[in-house]
There are 2 protein chains.
Amino acid sequence: MANQPEYRMTGSGNYSYSGNSGFQRTAIEATKGLINKAISEKLEISNFVSSSNSPKIFGLADLGCSEGPNTFLAVQNIVDAVELKFKHHMLLGPQLPDFHVFFNDMSSNDFNKLFTSLPPERKYYATGVPGSFHGRLFPSASLHFVHSSYSVHMLSRVPKEVENKNSPAWNKGRIHYGNASDETFKAYEAQYLKDMENFLDARAREVVHGGLVALILPGCPIGIPYSQVFIIKGLELLGSCFMDMAKKGIISEEKVDSFNIPIFFPSMQQLEAVVKRNGCFSIEMMDTIPQPKLKPKVFSSTLRSGVEGMTKKHFGDEFDLDMLFDLLSKKFEESFSNFDPEKAVTQFVVLKRKDSK
Amino acid sequence: MANQPEYRMTGSGNYSYSGNSGFQRTAIEATKGLINKAISEKLEISNFVSSSNSPKIFGLADLGCSEGPNTFLAVQNIVDAVELKFKHHMLLGPQLPDFHVFFNDMSSNDFNKLFTSLPPERKYYATGVPGSFHGRLFPSASLHFVHSSYSVHMLSRVPKEVENKNSPAWNKGRIHYGNASDETFKAYEAQYLKDMENFLDARAREVVHGGLVALILPGCPIGIPYSQVFIIKGLELLGSCFMDMAKKGIISEEKVDSFNIPIFFPSMQQLEAVVKRNGCFSIEMMDTIPQPKLKPKVFSSTLRSGVEGMTKKHFGDEFDLDMLFDLLSKKFEESFSNFDPEKAVTQFVVLKRKDSK
């Protein structure tokens, strides 16, 4: 985990994640009905009655939970839906399982904030789990439901070739693959495939047979070239703001060359292919949710809360983030007519752990 | 949990818990052999083979873990001893259970520090669990071993009567029960009995049958009146330093009157009685470990790291802790010949969850 980039969302101030995650909350609300449907129709709970009379535990993890409060909404919704399913099937009579909820994020996440803001009226046992979801986090067969919202598009690292001056994938003058060379895109894609394979391998061991994995992530709409996708264009614009600051001598151009944002936005086909190749999960649901239309200011703040941490880590604490995002806001407003909100999509996928592999 | 006092050990600086917990580490090292013996002779692991071939999880909790690093030493020792037992019995063949370790402390504990300092080479899945061990923290029958070192002597609150001006237990001019009225002591004792009953009730539900609870706590040596016990005398001396500051007009006397340290040091008989009354656990081992001899300075620092948090909470951040502990150091040095290290003891108790209640 030592080489993992910092994915911690900004913890406080105007651009805190908790204050700028309305965008992600909208996704959670939009997927609420879909998650309820998945639990009602796809989750297997027969193993909760077939064996002995001993107490049952329902293991639930939110991967990339950040510091709250969105994670609490998502978890509460899942617990309610599972309870409803148990009650509807009267499988355990009046006895429901104990819910063991695992809030996961990188160890640099503000777990202190998460812990002190846990809903006091919660009906579950809460724990925090530090570490990267690209590796193992939980004992074998200990989870029944895994939820991850706006997290699995994050890569475990910037692809090596993209950071290598002598590689054709070297990403000079840019911070993402939007307007980059084909080699840069391919390096990002290869890293994504490797990371997702690791992610699925780890979850395959941790999730019980019949258990579900629900992923919510921003992706590429079908038939749209990645370079035209809303968020990717946004990152390209942000990259040009860094270069503007370099040209003014505020930061060095070299520092911009070595800065890359480790995020990949897969298409549904790419997501489907990686799940099938892994082989441990069946795809039970696959859906897209239109992105909410964002005003330039809101998009700029959302982006800032997402990249502030890694920007500071690379450029130093004294880096002028206000200047950067003032520049970005202006550029956004000038060119916002070129930003097509139709060219953005949130993907919703439900996987079920197969019985054997 | 809203009424719970702050038990968070001081997080940083010269008087941080992690920098002043050598005393507690000595206890962990002294109990290492005893814990190994308990695991080797008392822990029941037959349930790990009797049932199906499905993967097995060994649940291990450290209650009142603080921010590290002592908790990592204690946990590693337990994991090693359990592994050794499994290997010795060849119960699972080459397959060992997955160790799921739960680090618990109040939500005000610095879990961020704990998480970023987890041993990278650990052989267990680590989680943090915020909340009071006087209530439920884990799903039913999810733990196989519970460890708690220098924590269960802490009460869930200052006894109500001790804080009530109109009660005969009102503890005017003191901060603990050492030199207080009999009513004050009885109020502390009643709170302790209630807290331990709650502690044992919660653990009885969480620990599997045949699972163990190992408690390490400072207590009263047999046959010594509590008012003569080393640590209780130390707290009495600390109380007199608060009063000195009040007489000098630095803090108000009223503020000292309303300040009480919620810690109780039981005798072995008291501990035994509360376990027997609860009825869910058998006492498998009971031992005492002599306290290491402490120099006045070390004792003063250890005490400071333990009470700094609650002192600041009561008297405010601007309270002059240096002045208080300078006073204490002087008084200690003047009167240290009256402090008999023989009149101090660490108690070590191993309980086993009975099969039925």
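Owing to the predicted nature of the structure, the values given are computational and were not obtained by experimental measurement. What you see below is based on every heavy atom in this structure, not just the backbone, and it leaves out hydrogens, waters and symmetry mates. So that the names make sense, note that chain A is the first sequence line, chain B the second, and so on, each numbered from 1.
Between B:Asp98 and A:Glu206 the shortest side-chain heavy-atom distance does not fall below 4.5 Å.
Here the closest heavy-atom approach between residue B:Ile57 and residue A:Ser142 is recorded as CD1-CB, 3.7 Å. Residue A:Ala126 comes nearest to B:Pro130 through the heavy atom pair O-CD, 3.8 Å, listed as atom of the first residue, atom of the second, then distance. The minimum heavy-atom distance linking A:Phe115 with B:Gly128 is given by the pair CZ-O, 3.7 Å.
Heavy-atom pairs under 4.5 Å with chain A peak, among B:Tyr124, B:Tyr125, B:Phe103, B:Phe99, at B:Tyr125. Between chain B and the residues A:Val208, A:Asn104, A:Thr127, the largest count of heavy-atom pairs under 4.5 Å involves A:Thr127.
With a threshold of 4.5 angstrom between heavy atoms, A:Leu118 approaches chain B through side-chain atoms but not through N, CA, C or O. In this structure, chain A has a heavy atom under 4.5 Å from the side chain of B:Phe102, while its backbone stays farther away.
The number of heavy-atom neighbours closer than 6.0 Å to NZ of B:Lys123, taken from other residues, nucleotides and ligands shown, is above 12.
Note that CZ of B:Phe111 and OG1 of A:Thr116 are 11.0 Å apart. Values are rounded to the nearest 0.5 Å. Distance check: B:Leu114 CG to A:Asn112 CG gives 9.5 Å after rounding to the nearest 0.5 Å. The NE2 atom of B:His100 sits 11.0 Å away from the OG atom of A:Ser140 when rounded to the nearest 0.5 Å.
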